[in-house]
Student: 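Sharing a structure below in structure tokens format, with a few things to ask.
Numbered from 1 within each chain, the chains take letters A, B, ... in sequence-line order. What's counted below: heavy atoms across the whole structure, side chains too, no hydrogens, waters or symmetry copies.
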Protein chains: 2
Amino acid sequence: MSTPQGARARARTEVTVAIKEAARRQLAEEGAAKLSLRAVARELGMVSSAVYRYFPSRDELLTALIIDAYDSLGEAAEKARDTDPGAAPVPRWTAVCEAVRGWALTHPHEYALIYGSPVPGYSAPETTIRAAARVGLVLIGIVRDAHEGPGLATLPLPAALRPEGERMAADFASGLPAEVAVALTAAWAQLFGLVGFELFGQFHKVVEDREAFFRHAVTGLAHGVGLR
Amino acid sequence: MSTPQGARARARTEVTVAIKEAARRQLAEEGAAKLSLRAVARELGMVSSAVYRYFPSRDELLTALIIDAYDSLGEAAEKARDTDPGAAPVPRWTAVCEAVRGWALTHPHEYALIYGSPVPGYSAPETTIRAAARVGLVLIGIVRDAHEGPGLATLPLPAALRPEGERMAADFASGLPAEVAVALTAAWAQLFGLVGFELFGQFHKVVEDREAFFRHAVTGLAHGVGLR
DNA sequence: GCGAATGCAAGAGCGGTGCTCTCTTTTGTG
DNA sequence: CACAAAAGAGAGCACCGCTCTTGCATTCGC
């Protein structure tokens, strides 16, 4: 799976990561819309057609960047979760949320790539799905720990949503009550609403002290899923 | 302000709206990334350089579409608010939220244009800000009505966020308590997090009964701002 | 060890894009 | 009616994604 020996293969993976690095640099500077395969080739001193030996199309290159971005964000979230494993549920939750926000603020174009409009057309390959789930899994883990530890303050679930909640719990939140699975999914989406609004300028002239506002809002999200 | 007489001016506005219509059609079919001024010109039977007499650049055309989209969404929200003015606060709130969701589902590319990544680079002219505020104003109005009527169940605000909340209330939520202004702003962002996640495919294999889930989630948002 | 198969870079080229010029035609108005 | 302003037409520039063919190097099978 890793470098399968051969000097040739080694050179290939090296060029591949060089292309991704140059592309990521362009992405950070100009945004996804301006990312151009030809410019990447120029930066690497090769001709544009050579890049197609490594990525069959611009969209494939973008997809690779998307997966890397999901991984990077997921790693940031996991790191925040693990820095103080003994902390109470709510601080752990807010720490992860703030890590997500921090990553988004330092990688705005990459964030836009994965949580903004799907720019490369409509390609969401299965490979991206696993990567996309990492942040969600971190949040689930915190809530599960709380459920098995100090317990959760659950809210009632309307009857119409009960089967959906049972399915959710079975699918990706095993061990958690249905109403928590539903609340958690909503909080997950709402977290990215907060981050996206700040990042995309919707809070311009609306929220000034973004840090404090965010902390307060995600604390509210934590309470919404039953953490105390 | 409207058509200043002259047949020439009339023709100009006609061509202008024709260009916008063609552009909106392309936007709906292909998305913002594929929207091309030359294709618009082709569809209208004119040469590409002629379009530049009406819109100085592709970005300006996109900006016009953005403003129209904000207006269209705001109108949908206002319509939902006005259909049953005597209803209780929570149903009024959820009706507006569902109107936002419905508009987003029927105008996905336009929604992506205004709440996805800012595609035309980084242009957020002042003119768009007024248009962007309409949905927010609808939500504020509902909460204000409830505040002056049945009252709100407010939650405490951390001391660090009190000045921010006071400023918010003074700026755009006059008559509402500071903690409600803060909660309202958070709910506003969270609403679009829910809509965006559904629209951009993050709920794929996660949420099945989207309608019921959304209704439940926005009811939670309503409670979060103090509506009962 | 050597020829053949394979991998890779280079270059030219196609159709498309945004945008800018110049030139001509149309048209409203003094 | 004449003239100036507005609008359209066309060519052209630099860039884009992508394809194809052509040489060259490396690797593999015999």
Student: Is there a side-chain contact between B:Trp93 and B:Val143 in this structure, where contact means two heavy atoms from C-beta onward sitting under 4.5 Å apart?
Tutor: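 SC-SC contact between B:Trp93 and B:Val143 confirmed.
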Student: For the pair made of CE in A:Met46 and P in D:dC24, what is the distance, rounded to whole Å?
Tutor: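 Spelled out: CE on A:Met46 to P on D:dC24 is 20 Å.
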Student: Nearest whole Å is fine: how far is D:dA9 P from B:Tyr54 OH?
Tutor: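 The answer, rounded to whole Å, is 10 Å.
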Student: For the pair made of CD in A:Glu60 and P in D:dG17, what is the distance, rounded to whole Å?
Tutor: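 Distance, rounded to whole Å: 15 Å.
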Student: Taking the side chain as every heavy atom from C-beta outward, state whether A:Leu221 and A:Leu194 have any pair of such atoms under 4.5 Å apart.
Tutor: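 Sidechains of A:Leu194 and A:Leu221: in contact.
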Student: Applying a 4.0 Å non-hydrogen cut-off, can you work out what A:Leu61 is touching in the nucleic acid: base, sugar-phosphate, or nothing?
Tutor: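 No contact.
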Student: Suppose we screen for side chain to side chain contact (heavy atoms under 4.5 Å, CB included). Which residues come up paired with A:Asp145, at least two apart in sequence or across chains?
Tutor: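 Listed in chain order: A:Arg92.
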Student: Is A:Glu21 salt-bridged to A:Arg24, cutoff N-O under 4.0 Å?
Tutor: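 Looking at A:Glu21 and A:Arg24, the cut-off is not met.
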Student: For nucleotides 19-30 of chain C, just jot down a letter per nucleotide in 5' to 3' order: B, S or -, based on protein non-hydrogen atoms under 4.0 Å.
Tutor: BBB----BBS--
Student: Got more than 12 heavy atoms from elsewhere within 6.0 Å of CZ, A:Arg144?
Tutor: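 More than 12 heavy atoms, drawn from other residues, nucleotides or ligands, come within 6.0 Å of this atom.
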Student: Nearest-Å distance, CD (A:Glu30) to C1' (D:dC16)?
Tutor: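 Going from A:Glu30 (CD) to D:dC16 (C1'), I get 14 Å.
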Student: In whole angstrom, give the distance that lies between atom CZ of B:Arg12 and atom P of D:dG8.
Tutor: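 It works out to 9 Å between those atoms.
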Student: Salt bridge check, B:Glu98 against B:Arg101: does any charged N sit closer than 4.0 Å to a carboxylate O?
Tutor: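 B:Glu98 and B:Arg101: not salt-bridged.
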Student: May I have the distance from A:Arg42 (atom CZ) to D:dG17 (atom P), rounded to whole angstrom?
Tutor: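 Nearest whole value for this atom pair: 9 Å.
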Student: Classify the nucleic acid contact of A:Leu35 as base, sugar-phosphate or nothing, counting any heavy atom under 4.0 Å across all strands shown.
Tutor: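 Here A:Leu35 touches the backbone only, sparing every base.
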